[in-house]
Amino acid sequence: MSELLIAILATFERYIKLDLKYKFQYVIDAIIIASNFIGFGIMGFFMEARGGVLPEGYTFEKFILVGTYLWTMLTKIYDDCTKVLSEEASRGALTLLIGSNITIPVILVGRALASTVKYGALASLFGIPTLYFIGALNLKASAIPLAILCFACSWIFIIGLSAVITAIILMFKRTGMLTISLMEALMFAIGFYFPIELLPPQLWPILGAIPFTIGLQIFRDLMILGEARQVVNGIYSSLQMGITKMVLGSIIFAAITFTIMNVISKLAQKWGTIEQY
């Protein structure tokens with residue numbers, strides 16, 4: 001276990017140093033993240049929620065911009081993780097890493113940790129002042145542990161999703177628009193654009209079981225209201241049940257997806273598909 005942790009930390013340090021070499025990329029990423037807050041802020045300002053679904057204290061502007069803050073960090077991590085194999089291959093370092101007993105799951109986790117630091121800083125640089133300006137930064141000190149738990153469970157879910165895509169890339173090398181399309185579908189599924197309650201009730205059990213859906217909802221409540229609602233239609237009938245579903249769901253999903261990726265990684269090494277890079 002200690003050797004695995006050392007490998008992950010070494011990989012994390014490697015990606016931090018690599019990221020710092022590409023300063024122009026930081027500028028471009030900052031511009032894109034800023035444009036996300038500007039674009040979604042304008043959309044939220046000129047639109048209103050339908051049917052009084054949002055509770056008192058919410059506006060659609062707050063709803064969409066708090067979602068943008070969390071989503072920006074996690075979707076950028078997903079982008080980096082799904083591209084890491086091709087980037088390492090272009091550097092000629094993939095087979096060297098694997099030959100040094102740095103497994104693909106370790107590469108993925110190390111890349112994710114480095115991306116979390118990078119995009120957490122960039123998203124907060126623009127997100128925190130924006131949320132404060134619109135009155136959506138009402139997080140209480142007592143609620144910080146729950147907010148961190150929501151982020152952690154959503155992070156684990158996203159890394160699990162990245163593991164699935166990485167496994168597919170290992171087998172087929174090219175995935176076309178799969179990675180982008182999956183993120184677009186997820187934005188609807190987790191209630192990024194509008195509350196889950198506005199979707200057909202038949203979909204609630206499925207969408208409400210996604211850890212990211214629960215994490216985003218509770219995170220929004222903590223930021224906007226200062227506390228999590230005890231009941232949210234379509235997502236959970238009690239806060240305790242919602243937290244339990246979120247934690248167990250993210251752990252189970254990540255365990256399954258990383259097991260799949262680990263098995264496929266070994267098969268790819270056996271079949272020589274990794275060497276194709």
Side-chain angles (χ1 to χ4, degrees), residues 36-37 40 43-44 47-75 77-78 123 127-128 130-131 134-140 142-161 183-254:
N36 284 341
F37 280 100
F40 283 119
M43 183 178 76
M47 294 183 69
E48 294 182 2
R50 181 185 124 195
V53 172
L54 297 178
E56 185 178 352
Y58 265 82
T59 61
F60 190 67
E61 184 182 23
K62 294 177 181 178
F63 175 89
I64 202 74
L65 282 177
V66 173
T68 300
Y69 177 53
L70 186 60
W71 174 262
T72 297
M73 287 186 280
L74 294 173
T75 190
I77 293 168
Y78 169 85
I128 295 299
T130 301
L131 297 182
I134 65 172
L137 193 61
N138 301 310
L139 181 66
K140 298 175 182 177
S142 59
I144 290 176
L146 181 55
I148 293 173
L149 180 64
C150 290
F151 177 82
C153 289
S154 301
W155 186 88
I156 291 171
F157 174 80
I158 283 293
I159 302 309
L161 204 59
M183 279 294 99
E184 291 176 349
L186 187 62
M187 291 180 83
F188 283 94
I190 65 173
F192 174 82
Y193 289 115
F194 42 75
I196 295 294
E197 297 99 307
L198 295 180
L199 294 173
Q202 294 83 353
L203 296 176
W204 290 358
I206 299 172
L207 304 183
I210 301 174
F212 200 169
T213 304
I214 304 170
L216 177 58
Q217 181 58 66
I218 297 177
F219 189 83
R220 273 181 171 137
D221 282 357
L222 295 176
M223 295 292 281
I224 297 172
L225 303 177
E227 60 183 4
R229 284 176 283 166
Q230 292 299 316
V231 177
V232 179
N233 290 332
I235 300 179
Y236 56 79
S237 57
S238 73
L239 180 59
Q240 187 61 46
M241 183 192 75
I243 294 173
T244 301
K245 282 201 307 179
M246 177 180 68
V247 172
L248 292 180
S250 60
I251 292 173
I252 292 171
F253 180 73

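Each residue takes its place number in the sequence, starting with 1.
S250 places a side-chain N or O within 3.5 Å of a backbone atom of V247 that can act as its donor or acceptor partner.
If you take CZ on F192 and CD1 on I64, they are separated by 4.5 Å, rounding to the nearest 0.5 Å. Atom CE in M246 sits 11.5 Å away from atom OG1 in T213 (nearest 0.5 Å). One distance of note links CG of L186 with OG1 of T75; it measures 8.5 Å at 0.5 Å rounding. In this structure, Y236 OH and I214 CD1 are separated by 8.5 Å, a value rounded to the nearest 0.5 Å. From L225, atom CG reaches atom NZ of K140 across 9.5 Å, with rounding to the nearest 0.5 Å. The CG atom of L239 lies 4.0 Å from the CD1 atom of I243; values are rounded to the nearest 0.5 Å.
Within the structure, salt bridge (charged side-chain N to carboxylate O under 4.0 Å, His left out) pairs that include any residue of residues 212-224 comprise D221-R229 (at least two apart or interchain).
Inter-residue side-chain proximity for I159 and I156 is flagged as unmet; no heavy-atom pair is nearer than 4.5 Å. By the 4.5 Å heavy-atom criterion applied to side chains, K245 and I235 are not counted as neighbours. No side-chain heavy atom of W71 sits less than 4.5 Å from a side-chain heavy atom of N36. Annotation: side chain of M223 is in contact with side chain of L137 (closest heavy-atom distance under 4.5 Å). For the pair M73 and F151, the minimum side-chain heavy-atom distance is below 4.5 Å.
Across every non-hydrogen atom of V66 and I224, the tightest pair is CG2-CG1, 3.8 Å.
In this structure, Y69 and F37 have tilted ring planes: the angle between them lies in the 30° to 60° band.
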